[in-house]
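Keep in mind it's a predicted model, so treat the numbers as computed, not measured. Counting convention: from 1, in listed order, for ligands and their atoms alike. Counting begins at 1 with the first residue of the sequence.
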Amino acid sequence: MIGRLLLLGATGDLAGRFLLPALARLSADGRMPDGLQVVGGALQDWDDRTFQSHVATRLREHAGDVPTAVRDALVGRLRYRAVDPGAAGTVAAAARAFDGGSDAADRAAVAVYLALPPALFPAMLGALGDADLPAGSRIAVEKPFGTDLASAVALNDLLTRVTGGIEKAAFRVDHFLGMPRVQALLDLRAPGRSLAPVWDSASIAEVDVLWEETLGLEGRADFYDRTGAVRDVMQNHMLQVLTLVAMELPARQTEGDLHAAKLELLRSVRVLSAAEVPVRTRRARYTAGTLGGTGATGGRTVPGYTDEDGVDPARGTETYAEVLLELDTPRWTGTRFVLRTGKALGTPRKGVALHFRTAAPACDPSDAERVAADQLWIELDAPEEGWQPGVQVASPGERTAYGQVLTDLLSGGGRVSVSGEEAEQAWRIVDPVLQAWAQDAVPMLEYPAGAAGPPPLEETAGSRR
Ligand SMILES: O=C1O[C@H](COP(=O)(O)O)[C@@H](O)[C@H](O)[C@H]1O
């Protein structure tokens, strides 16, 4: 178990909204490693007290459910160091700012978490390379891991150099893999479960992986406008969900076997040709509308995406994306896989829909929710592992997920991290789509905020949709 956590980007949104609250919840549940030392690093020229008071405020906002005494105890043990990725010495100093950490004899491993804007990853990794981290240290890198295949390959090369080629030391975070129900997909389809015999193309015509959100930008324009729906959630989280749904289950579910099975599945995804992209993908962005109810039931009016603070309309960023894929595997030949995500939609739908060729099979009703005679809906954004029809709670998955991310990172686990090859394969799948979109080969559709999404594509001659 690693007992030292260096949180870089400690004053930012990810740390304040998810990582530090996750630490508070782990602490409240008695699951934080005993004696864990936490040092926050960021650009601000702060001292420990200023950082502690900043974190206390963020925990009140985002971990108000955690008892005050627990939050105060966590805040009281935090340290802070000003860190500039352009000045490698500051990074090395922060990595040694633990009790006894500056003592050459004390070479205890450190978990370094890069909760930073992706543009800073290369510089920060370079600085960490110079910091001479102790053996056993791990470096967690958030998404998006690169912006395309070429940049992901370069980032993997750098990460490999910095971690001395020790794959376990490189922790590419995918917090969806920390969601209890995402991991429980493997159990749902395991041999012996009622759905196992029908988990193939003979029974299933279409699988939809959906991450449809009611949230809009939430003040994240700086990140989101440079990222867009595909790079934000599809290249990483949604393709990871696809792997768990569609991969061949390894006989033993060791981390190595699971990564190998996921990689094989990603390799089997047929890349769309330039001619296919316009008929198999849709992109859109929201216009002005109302979120969360209308008229007497209230509702919040939101401006159109291009009028949001911090958005540059010239970037052409999509807030909605849909991609239809096929897999070249014996199990799935003939099944359509639809990945669809969007922001500022009327109704949240986060999960997997199975469309059976005939009426859905009789199955244990706790397995999933039957939504129509020939469909099963598997809700993924819920805090518990069990499958309870109709459970809908606003975004609890992410809160639980980051606790799992930190637990895995500190305990040496790898279930919520993605291998370098998986990340590259995922870019291989989305790159042609992004390239075609950048060349305007696909129209940018529109939908009012609060609606179900853009209109469907016209049936096109030759289209297989
Ligand atoms: O990583 C991200 O995920 C969230 C969606 O996760 P959820 O658990 O909140 O539904 C998404 O809103 C965000 O844009 C993305 O960066």
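- Considering backbone and side-chain N/O of Y224, none are found under 3.5 Å from N/O of ligand 1.
- For E421 and R267, the salt-bridge test passes: some basic side-chain N is under 4.0 Å from an acidic carboxylate O.
- Atoms of ligand 1 lying under 4.0 Å from at least one heavy atom of W211, given by number and element, are 5 (C), 6 (O), 7 (P), 10 (O).
- Ligand 1 places these atoms under 4.0 Å from at least one heavy atom of K343: 11 (C), 12 (O), 13 (C), 14 (O).
- Ring pair F176/W211: centre-to-centre distance below 6.0 Å.
- Residue K350 has at least one heavy-atom neighbour below 4.0 Å for each of these atoms of ligand 1: 7 (P), 10 (O).
- Aromatic ring orientation, H54 versus W46: tilted (interplanar angle from 30° to 60°).
- R282 places a side-chain N or O within donor-acceptor distance of the main-chain N or O of P454, the cut-off being under 3.5 Å.
- The shortest non-hydrogen separation linking R172 to S419 is NH1-C, 3.6 Å.
- Put simply, no part of E218 is less than 4.0 Å from ligand 1, judged by heavy atoms.
- Each of the atoms 13 (C), 14 (O), 15 (C), 16 (O) of ligand 1 lies under 4.0 Å from some heavy atom of D232.
- The closest approach between any non-hydrogen atom of L215 and ligand 1 is not below 4.0 Å.
- Looking at D374 and H355, their side chains never bring a donor and an acceptor atom within 3.5 Å of each other.
- In summary, R71 and D65 do not engage in a salt bridge, as defined by a charged side-chain N under 4.0 Å from a carboxylate O.
- Which parts of ligand 1 touch M179 is read off a 4.0 Å heavy-atom cut-off, strictly below it: atoms 8 (O).
- Set against the non-hydrogen atoms of K143, the atoms of ligand 1 under 4.0 Å away are 1 (O), 2 (C), 15 (C), 16 (O).
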